[in-house]
Amino acid sequence: MLDRKFILENVAAVKQNCRHRGVAADVDSLVAKESQRLAKLKEVEELNRRANEVSKSIGKAKDEAEREARKEEGRRLRAEKEACQSEHDTLDGAIRELQAAIPNMSHPDVPIGSDDKANLEVRRGTAEVRDFDFPPLDHVDLGSKLDLIDLEGGARTTGHGFYFLRNEAVLLELALQQFIVTKLIGKGFTPTITPDLAQDDILEGIGFNPRGPETQVYSIEGSNLSLVGTAEITLGGLYAGVTVDADQLPIRICGISHCFRTEAGAHGRATRGIYRVHQFTKVEMFAFTLPEQSDQVHQEICDIECEIFNELGVPFRVVDTATGDLGGPAYRKFDLEAWMPGRGEGGSWGEITSTSNCTDYQSRRLKTKFKRKGEKGTHFVHTLNGTAVAAGRAMIAILENNQQADGSVVVPEVLRKWVGKERIEPKSA
RNA sequence: GGAUGGGUGGCCGAGUGGUCGAAGGCGGCAGUCUUGAAAACUGCUGUACGUGAAAGCGUACCCUGGGUUCGAAUCCCAGCCCAUCCGCCA
């Protein structure tokens, strides 16, 4: 969330940013309520001060009668304070809700526009979009012909949006993880395998809404736990409430997790195959940085994503996401979109990774701070996240782009040592 | 899951109802001394919010959340975490 003081001091800019992002947030009401709250807080503190004074004087009271009188005075003040406090808390809760609805500010270079049509292409990968001399199949047909993806089995055991990976698809998924994690260790990331569940307040801190009608999150009944939609949640939550030394930053960490998403409301534009599913595996990068480092580390993460998909030989473009298409916590977001020959009519670009600079929007709620040696006070760190690989989407791109006229699929060179073969052949019936 | 013992400032550790934001030590910072360093000595050394030009002042915080009380680090209840033992399990 944004800092309340910042909102009060930058009302016009905050409102304009909400408009650019297509977010309806009642900034005026927040401003009014916050000034009421501050007045109330003063009252509470004043009453507390007087009550403390009275309490201290009781020990030194001369006689029993005076003691009793003072006690009565203390009781009265505490009751009064209690009433004041609950008024204050009501206001505070209301403000918190309004505050949560206000998105992060936007990087000055972010294209302004209401949806993804305004996204700006900023880079291309080294692999060219291929001209097929045969009609390319999509990953669903390839997956079934090569016996790699069993959507029906997934539906039978679990439901729509779930699938079994089989045979080389399993090796491919494991190979992707090996390839990526090895690379990220070389880039200074600490590798982790994270929990697949997290507490609701961590979800909220990262900017996810765990419960409620529009949630994308699976929650565990009778607990405060939810299945994570991304390891961003657990990696970001790792330092909740922690203050680190400035010279430890930037902290780079990556995590392998399963990701679970209800995809509520997405059925209208339901996508064939494993493009949009309820469970997938992902390697996520995460960084905690000093404020002045975050733009640079954001570029660095984007560069790593490009390097990964260049080495995998997947054609892609990078877009600078428009204001209207940014998530609430993101200050700026770059998406890698791979060319998927089997998607739509004659192929189309499909998102494969995404990296966001969330500045201090997440850390403020998670209370992740840093302290500079020899300086007084603490400040909120900046947080960044980026997909290293979302296994399902990467698999789509690899299968569809690397398919051959004979129905086989060429395994990307960099994955061969883990997959153990150069080519995935159709299974003979 | 059961039993027992614990969770206090950057770290160690004292503190069982008021004078405690918290002894003492370590570490850190500044100074005295010294050619320099060490030692010794002196002082300072948590966070957040509010207020103020500032010094300062006020409020809250001793795992978390409730409760008792005029007053809680201290008493009560619940929870979480850690240690050890037992049970169970991959």
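Throughout, protein chains are lettered first and strands after them, A, B, ... in sequence-line order, and every chain is numbered starting at 1. Quick caveat, the model's predicted, so the values are computed rather than measured.
A:R393 and A:E400 are not joined by a salt bridge, as no carboxylate oxygen comes within less than 4.0 angstrom of a charged side-chain nitrogen. The pair A:K42-A:E45 fails the salt-bridge criterion, with no side-chain N (NZ, NE, NH1 or NH2) lying under 4.0 Å from an Asp/Glu carboxylate O. Comment: A:E311 engages A:K183 in a salt bridge, judged by a side-chain N to carboxylate O separation of less than 4.0 angstrom. A salt bridge is absent between A:E53 and A:K56; no separation between the charged side-chain nitrogens and carboxylate oxygens falls under 4.0 Å. Under 4.0 Å is where a charged nitrogen must lie from a carboxylate oxygen, and between A:D28 and A:K15 at least one such pair does.
Figure legend. B:A78 is base-paired to B:U64; pairs are counted as Watson-Crick or G-U wobble with both atom distances under 3.5 Å. For B:G36, there is no paired base (Watson-Crick or G-U wobble, both distances below 3.5 Å). Pairing for B:A83 goes to B:U4, judged as Watson-Crick or G-U wobble with the two contacts each under 3.5 Å. Of the nucleotides present, B:C12 is the one that pairs with B:G24 by Watson-Crick or G-U wobble criteria, both distances under 3.5 Å. With a cut-off of 3.5 Å on both pairing distances, B:A73 has no Watson-Crick or G-U wobble partner at all. Nucleotide B:C41 forms a pair with B:G31, judged by Watson-Crick or G-U wobble geometry with both contacts under 3.5 Å. Across every strand in view, B:C49 sits in a pair with B:G58 that passes the Watson-Crick or G-U test at under 3.5 angstrom.
With B:G50, B:G71, B:A48 as the candidates, the nucleotide lying closest to the side chain of A:S55 is B:G71.
A cation-pi arrangement, defined by a distance under 6.0 Å to the six-membered ring centre and an angle within 45 degrees of its axis, is absent between A:R261 and A:Y218.
Residue A:I58 contributes atom CD1, which lies 14 Å from atom C1' of B:A72 at whole-angstrom precision. Whole-Å rounding puts the A:D247 CG to B:G28 C1' distance at 14 Å. One atom, CG of A:L41, and another, P of B:A48, lie 16 Å apart when rounded to the nearest Å.
The residue A:K367 sits apart from the nucleic acid: no heavy atom pair falls under 4.0 Å. Note on A:K5: only backbone sugar-phosphate atoms sit closer than 4.0 angstrom, heavy atoms only; bases stay farther off. No engagement by A:T243 is indicated, since no non-hydrogen atom pair under 4.0 Å with the nucleic acid exists.
Annotation: ring-ring contact (aromatic ring centres under 6.0 Å, His included) contacts involving residues 171-205 of chain A, sequence neighbours excluded, are absent.
Taking atom P in both B:C77 and B:G58, one finds a spacing of 35 Å when rounded to whole Å. Taking the C1' atom of each, B:U59 and B:A38 are spaced 45 Å apart, rounded to whole Å. B:C80 sits 48 Å from B:U42 when the P atoms are compared, rounded to a whole Å. Using P as the reference atom, B:C62 and B:U74 are 8 Å apart when rounded to the nearest Å. When the C1' atom is compared between B:G28 and B:G9, the two are found 14 Å apart, to the nearest whole Å. Distance noted for atom C1' between B:C57 and B:U68: 32 Å (whole Å). Spacing of C1' atoms, B:C11 relative to B:C85, comes out at 29 Å, to the nearest Å. For the C1' atom pair drawn from B:C82 and B:C63, the interatomic distance equals 11 Å after rounding to whole Å.
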* Structure fact -> Expected string for nucleotides 55-69 of chain B under the B/S/- scheme (protein heavy atoms, under 4.0 Å, primed atoms plus P, OP1, OP2 as sugar-phosphate) is ---BBS---------
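Using a distance-only test at 3.5 Å, with no hydrogens or angles considered, a donor-acceptor pair links the side chain of A:E305 to the main chain of A:T387.
Under 4.0 angstrom from either OP1 or OP2 of B:C49 there lies no side-chain N or O belonging to A:K42.
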